[in-house]
Amino acid sequence: MTIDILFIWTAFKEILKALPTTLFLTILPLFAGFLIGLAVALIRIYKVKYLSGVANGYVSFFRGTPIIMHIMLIYFGLPLLIDQISAKFDWGFQSNSIPISLFVLTALSLSAGAYLSEIFRSGIISVSNGQMEAAYSIGMNTFQAMTRIVLPQAMAQSIPNFTNIFIGFLHTSSIAFIVSQKEITGAANIVASTNLKFLESFIAAGFIYWGLTIMAEGLSFFIEKKATAYNRGGLQ
Amino acid sequence: MGKSFDPSLIVNFVPTLIHYLGVTLQILAASVSLGMILGITAAILRVFRIPILNQFVILYISFIRGTPILIQLFLVFYGLPAILLFINIDISRMEALYFVIITYALSNGAHFAEIFRGAIKAVDHGQTEAAYSVGMNNGQSFRRIVLPQAIRIAFPNIANAIIGSLKDTSLAFTIGVMDMMGRGETLIAATAHGLEVYLSLSIIYYAVVLLFEKIFRLYENRINRHQAVNVSAAG
């Protein structure tokens with residue numbers, strides 16, 4: 001077994017075609033997770049009756065089990081549930097007409113929601129209480145104070161954490177290949193097994209992920225500088 | 001798929017699968033210990049800026065943090081035999097388990113290195129100066145003063161990284177390791193009850209993660225016990 005350096009480039013071009021799928025499987029769950037995470041974080045901070053218990057359980061379970069479990073549970077469980085409901089109400093709808101990517105997206109969104117809610121929570125808690133009091137003192141209500149004063153600061157402070165989550169989920173999307181999604185890892189696997197050049201294909205895939213990660217880090221550094229411009233630390 | 005959901009099967013599956021928890025924990029223990037050695041070495045090379053090796057470590061950490069663990073697993077699985085063949089060592093028949101341990105050790109090493117580097121930098125420089133002033137040399141001050149404090153600072157992050165690594169071991173089955181996930185796959189092949197198998201696996205992983213969190217929290221309280229005094233004195 002020798003390494004065919006030239007084939008890495010061929011594989012690279014072939015695998016790069018799967019980049020949109022990977023980005024799709026990364027960005028969409030993060031958007032959905034953003035909304036879930038924000039709602040869950042607020043529920044937990046304000047200790048909403050009944051709901052906060054559910055929210056605690058949700059975050060704890062999803063952070064305490066591997067993400068591949070979430071994908072598999074949704075992938076195996078949701079079709080059963082849908083078919084049962086469909087049979088009960090006579091919809092004549094079959095779960096196997098649903099594309100697998102939808103199950104993957106659902107599972108990744110739920111995982112993203114759990115991880116992001118912890119980031120929101122720490123971000124919101126890190127904003128000093130004086131900010132809230134100051135907002136009240138000029139006549140804002142809780143909703144206004146939250147959306148105009150606390151959340152923007154919490155978000156700005158959470159940018160490094162968001163980047164880590166983005167990179168984490170970019171890498172996690174590779175698990176989707178196990179349920180035969182054709183994203184970067186899946187495409188690499190296909191290129192590898194059709195040409196019997198496993199090492200070269202996965203090197204190419206590795207370079208794509210590495211490049212994406214470095215770009216994401218660079219972008220985050222730039223955004224962070226802009227977003228936290230208001231905060232000059234100890235300097236006055 | 002296709003069979004109806006039968007919750008009573010979970011009661012049967014959990015004991016079967018838990019037999020293979022040992023393999024998972026074995027991967028974890030081996031990769032964390034090797035990763036610890038690798039991580040401390042890499043962190044020291046970074047902190048003291050040893051020429052060439054420093055750049056090499058930067059590249060290593062960037063690569064590990066820049067690629068999914070699944071890709072790393074495949075690269076080691078297919079790449080390591082190819083590289084070792086150049087120096088006439090044939091490991092193509094080595095058990096998949098060892099490839100997994102090597103991959104996770106490399107991965108843990110990079111993460112630990114970053115954590116330790118941050119922790120060493122977080123120790124106040126006055127500590128080193130104080131150590132010099134009582135006559136310690138470079139090595140003594142690092143080993144006796146800086147490192148113990150750095151480990152205390154690093155501990156919560158190390159604990160998180162270990163728990164993350166435990167969850168990552170669930171991917172080892174992709175190269176054919178018979179751990180809990182691998183056994184789960186064979187159970188699905190035999191019984192076609194996918195959902196029940198994954199529910200059982202989730203229960204086991206969740207229980208182990210909760211247990212680890214509990215142990216780490218107790219240990220963290222223990223190594224921080226002298227800190228509480230400072231806090232109350234300051235307040």
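We name chains A, B, ... by the order of the sequence lines, and we start the count at 1 in each one. As a basis for the values below, the full set of heavy atoms in this structure was taken, side chains included, without hydrogen atoms, waters or symmetry mates.
- For Phe76(A) and Tyr198(B), the ring centers sit closer than 6.0 Å to each other.
- Both the backbone and the side chain of Leu73(A) come within contact range of chain B, with heavy atoms under 4.5 Å apart.
- Side-chain polar atoms of His70(A) and Thr106(A) form no donor-acceptor pair below 3.5 angstrom.
- Contact of Ser60(A) with chain B is made through backbone and side chain together, with heavy-atom distances under 4.5 Å.
- Residues from residues 178-187 of chain A that place a non-hydrogen atom less than 4.5 Å from a non-hydrogen atom of chain B comprise Ile178(A), Thr185(A), given in numerical order.
- Here Arg217(B) does not pair with Glu220(B) in a salt bridge; the nearest charged N to carboxylate O distance is not below 4.0 Å.
- Residue Phe207(A) does not touch chain B at all, counting heavy-atom pairs closer than 4.5 Å.
- With a 4.5 angstrom heavy-atom cutoff, Leu210(B) touches chain A only via side-chain atoms.
- In this structure, Leu201(B) CG and Tyr20(B) OH are separated by 12.5 Å, a value rounded to the nearest 0.5 Å.
- Of the inter-residue distances, the one linking Arg152(B) atom CZ with Phe155(B) atom CZ reads 12.0 Å to the nearest 0.5 angstrom.
- Residues Leu19(A) and Leu23(A) are in side-chain contact: their nearest non-hydrogen atoms beyond the backbone lie under 4.5 Å apart.
- Residue-level contacts of residues 156-182 of chain B with chain A, in order of numbering, are Lys167(B), Ser170(B), Leu171(B), Phe173(B), Thr174(B), Met181(B); threshold 4.5 Å between heavy atoms.
- Of residues 119-127 of chain A, no residue lies under 4.5 Å from chain B by any heavy-atom pair.
- Heavy atoms closer than 4.5 Å to chain B are found in the side chain of Ile167(A), but not in its backbone.
- When ring centroids are compared, Phe62(A) and Tyr58(A) come within the 6.0 Å threshold.
- At a heavy-atom separation below 4.5 angstrom, chain A is approached by no residue within residues 97-113 of chain B.
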